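One structure is given below, encoded as structure tokens.
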Amino acid sequence: MSSPAVRVRFAPSPTGFLHVGGLRTALYNYLFARRTNGVFILRIEDTDRARYVEGAVENLVSTLRWAGIDFDEGPGKDGGVGPYVQSERLEIYRKHAESLFASGNAYYCFCTSVRLEEMRKQQDALRLPPKYDRHCAKLTPDEVSALIAAGTPRVLRLRVPVGATIRFHDVIRDDVEFSSDAIDDQVLIKSDGYPTYHLANVVDDHLMKVTHVIRGEEWLSSTPKHILLYGYFGWEKPVFAHLPLLLNPDRSKLSKRQGDVAVEEYRAKQYLREALVNFVALLGWNPGDDREIFQMEELIKEFSLERVGKSGAIFNQTKLGWLNEQHLRSKSDRELLGMLQCELAGSPFKEKTFPDAYLLSVITVMRERVSFMRDFVEKGAYFFEAPASYEEEMVRKRWTSESAGQMEHLVREFSLLTVPGPAEFESALHRSAQSLGVGNGVLIHGVRLAVSGVSGGPGIYEILAILGKDETITRIRAAISRLAPTAR
RNA sequence: GGCGCUAUCGUCUAACGGUUAGGACGGAGCCCUCUCAAGGCUCAAAUACGGGUUCGAUUCCCGUUAGCGCUACCA
């Protein structure tokens, strides 16, 4: 007997942007689906009209696509069990809610929010757990019909059994059990006719033939309600896997105001999709060995729910930065070329054009020194324009009363070069140093200051060769006339 | 408050009863070197606490503590 094909879903609410925690949940579902040749569904849970944000669905979809997570079924991609947006499935929920009422497993509640609030206040005063007091569960069928006929606002509540133990198995947490007495008679249908998460989620997961529910740990406590619903409907339960939470540095649930949580923020800061995906994949999962750098394909090959941990993980941006550098460096020069051209198009140098060969040589010398694409333009600005100013500290340290004369000598030596490659610049500089009777370092630092204006960067001979003989000489002359000697 | 989940270096984690408790990020130092990086090497750094079970516990059980989650007509 073969088990049915795996079907999993990511079911976000369109309340804004994709959260990095949501990204990880989506990723684990996606990896599990791909790993098992299953189906990955995107379902939009927009049953809370008050929290709906315009454009959030489009944003979710495009952010997921950016991350390399594509869904097999979802909005605009029907697999036969749609629609995949809950607000378009109201009739389905209404019918299922009615069957629950008919079977006696749910009841209508006409309590006003005022009464509910009053009730909670009393419970709080008596230090009792806040729970619906089942006032309306005691209504007779006639009373219920009369209230409905009168058009009294109502909700449908789940009838939770008394004194029962609800057990279920979780792939990550093993066997979990709750006493039904701790569970509230959950509202299933709100007074506006919309279902709550609990009803919609269970109905959809069943109708969409979802086999594995992989979601955040914040849902563990409400799973008993879902178990009850599966039982009342007579449906087979899916496999549950509750993922550990992503945490702020202070160990609270990852939230705004303690760093960035929106995937687009990281995207805007130029973190590579590969790095972000790699990073969140490792927050709660590991391959069982020491490997840490993964491409999506490798994650698909290695992922398993069995290797997902149980404890929350702090979202550590420092390590994300490292991972980003690793992924950036693993890109080919050709790939980086396209990215650099993009970067230049949005830079102060967008009016200038540079030959591919020139950009490629800049990439060769800069790739080990950058963390983000913008660093090519920021840290390596001197490859794209002559320095407008010179680093003060560097001038103080490296530009002495002798510097101008030394640089003049260097210019004469450089102007003789017929093949201005790195090796030629090097030996020319050596000759200059020798005849001036100074160490190579003196000239090296001086010329670095003159051509780049900054203290750090690739090897000086590489820089000179890339800039070319003419540009090098022009820049040195400019520095001679612009820099006043400083006393050492 | 109630219920639930969790607990190994600062952080992410490995160990599925027997290891000098391993790796990675970050930190410190050294090497390389014209600078800045990258890279290599080295060092510091952990089993929350208390009881069991066992010849032997990071590992299994119980308790304590702590953290987190849930406790809505939010998801």
Side-chain angles (χ1 to χ4, degrees), chain A residues 11-15 45-48 50-51 109 111 113 116 120 123-124 126-132 153-157 170 172-173 176-179 181-184 186-198 200-201 215-224 242 244-245 247 249-253 279 282-293 306-307 309-323 325 329 365-371 379 394 398 426 429 439-449 452 454-461 463:
Chain A
S13 295
T15 56
E45 309 221 324
D46 58 345
T47 56
D48 185 356
R51 293 213 303 166
C109 170
C111 292
S113 53
L116 257 21
R120 280 190 200 111
Q123 287 168 337
D124 191 49
L126 291 162
R127 273 174 304 186
L128 254 33
K131 235 180 102 178
Y132 180 59
R154 65 181 194 271
V155 300
L156 186 73
R157 283 183 185 273
D170 185 285
I172 294 166
R173 283 152 219 291
V176 187
E177 64 171 63
F178 290 80
S179 161
D181 297 335
I183 303 166
D184 205 358
Q186 181 66 50
V187 170
L188 264 15
I189 299 282
K190 303 180 235 181
S191 55
D192 64 3
Y194 276 67
T196 55
Y197 170 89
H198 308 282
N201 193 262
R215 82 229 297 194
E217 194 194 330
E218 69 265 32
W219 294 108
L220 191 63
S221 303
S222 37
T223 304
H242 287 94
L245 259 20
L247 274 22
D250 70 356
R251 302 213 78 93
S252 56
K253 185 173 159 183
F279 181 61
L282 257 16
L283 252 26
W285 171 86
N286 73 80
D289 54 40
D290 288 344
R291 287 172 300 160
E292 293 199 288
I293 311 296
E306 285 67 38
R307 291 209 66 87
K310 300 166 189 268
S311 48
I314 292 175
F315 192 92
N316 179 331
Q317 287 198 229
T318 310
K319 185 137 189 186
L320 169 60
W322 175 77
L323 228 26
E325 289 172 357
R329 285 179 197 133
V365 298
M366 287 297 287
R367 58 180 304 148
E368 298 292 307
R369 287 163 233 270
V370 298
S371 301
K379 292 187 182 171
M394 175 88 168
R398 308 291 192 190
E426 180 167 9
L429 185 137
N440 296 331
V442 173
L443 298 189
I444 287 170
H445 293 303
V447 74
R448 177 183 291 282
L449 174 63
S452 80
V454 294
S455 54
I460 189 63
Y461 309 119
I463 296 179

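Computed from a predicted model, the values in this text were never measured in an experiment. In what follows, chains are A, B, ... by sequence order, proteins preceding strands, each numbered from 1.
- Across the interface with RNA chain B, nearest-nucleotide mapping of Cys109(A) and Gly456(A) shows Gly456(A) to be the residue nearer the 5′ end.
- Note on Arg291(A) versus Asp289(A): salt bridge recorded, some NZ/NE/NH1/NH2 to OD/OE distance being below 4.0 Å.
- Scanning atom types as modelled, one donor and one acceptor separated by under 3.5 angstrom connect the side chain of Lys319(A) and the base of A24(B).
- Within the nucleic acid shown, Gly457(A) comes within 4.0 Å of at least one base atom, counting heavy atoms only.
- Proximity note for Pro129(A) (side chain, C-beta onward) versus C74(B), C73(B), G1(B): the nearest is G1(B).
- Residue-level contact check: Ser252(A) touches the backbone only, with heavy atoms under 4.0 Å from sugar-phosphate atoms and none from bases.
- Nucleotide C5(B): paired with G67(B) (Watson-Crick or G-U wobble, both distances less than 3.5 Å).
- For Lys131(A) and C3(B), the shortest distance from a side-chain N or O to OP1 or OP2 is not below 4.0 Å.
- Look at Ser311(A) and you won't find any side-chain N or O under 4.0 angstrom from OP1 or OP2 of C5(B).
- Side-chain contact between Ile463(A) and Val365(A) is absent, with no heavy atoms from C-beta onward closer than 4.5 Å.
- Which of C70(B), G1(B), C3(B) sits closest to the side chain of Ala182(A) comes down to C3(B).
- Counting to the nearest Å, the P atom of G39(B) and the CD atom of Glu325(A) are 8 Å from each other.
- As judged by a 4.0 angstrom heavy-atom cut-off over every strand, Ile460(A) is placed among the base-contacting residues.
- Applying the side-chain hydrogen bond (donor to acceptor under 3.5 Å, both in side chains) test between His242(A) and each of Lys310(A), Glu217(A), Arg215(A) identifies Arg215(A) as the sole match.
- Checking A24(B), A14(B), G69(B) against the side-chain heavy atoms of Arg307(A) singles out A14(B) as nearest.
- Rounded to the nearest Å, the gap between the P atom of C55(B) and that of A46(B) is 31 Å.
- In terms of polar N and O atoms assigned as donor or acceptor, the side chain of Arg251(A) never comes within less than 3.5 Å of the base of C68(B) in a complementary pairing.
- Taking 4.0 angstrom as the limit, Arg369(A) places none of its side-chain polar atoms (N or O) nearer than this to OP1 or OP2 of U35(B).
- Nucleotide U19(B) has no partner under the Watson-Crick or G-U criteria, as no pair reaches both atom distances under 3.5 Å.
- Between Ile293(A) and Leu323(A), some side-chain heavy-atom pair lies under the 4.5 Å cut-off.
- Among the nucleotides G4(B), C70(B), A37(B), the one closest to the side chain of Glu368(A) is A37(B).
- Contact annotation: Asn286(A) reaches the phosphate of A14(B) (side-chain N/O to OP1 or OP2, under 4.0 Å).
- When both pairing distances are held under 3.5 Å, A24(B) makes a Watson-Crick or G-U pair with U11(B).
- Between the side chain of Thr318(A) and the base of G26(B), no donor-acceptor pair under 3.5 Å is found.
- Side-chain proximity of Leu116(A) to C73(B), A24(B), C34(B): nearest is C73(B).
- Look at Lys310(A) and you won't find any side-chain N or O under 4.0 angstrom from OP1 or OP2 of U8(B).
- Backbone-only engagement by Ser13(A) is indicated by non-hydrogen atom pairs under 4.0 Å involving sugar-phosphate atoms exclusively.
- The two residues Pro195(A) and Lys190(A) make their nearest non-hydrogen contact at O-CE, 3.3 Å.
- With distances taken from any side-chain atom of Arg51(A) to the nucleotides C34(B), G69(B), A75(B), the minimum falls on A75(B).
- With values rounded to the nearest 0.5 angstrom, Leu283(A) atom CG is found 9.5 Å from Leu247(A) atom CG.
- Rounded to the nearest Å, the gap between the P atom of G10(B) and that of U6(B) is 22 Å.
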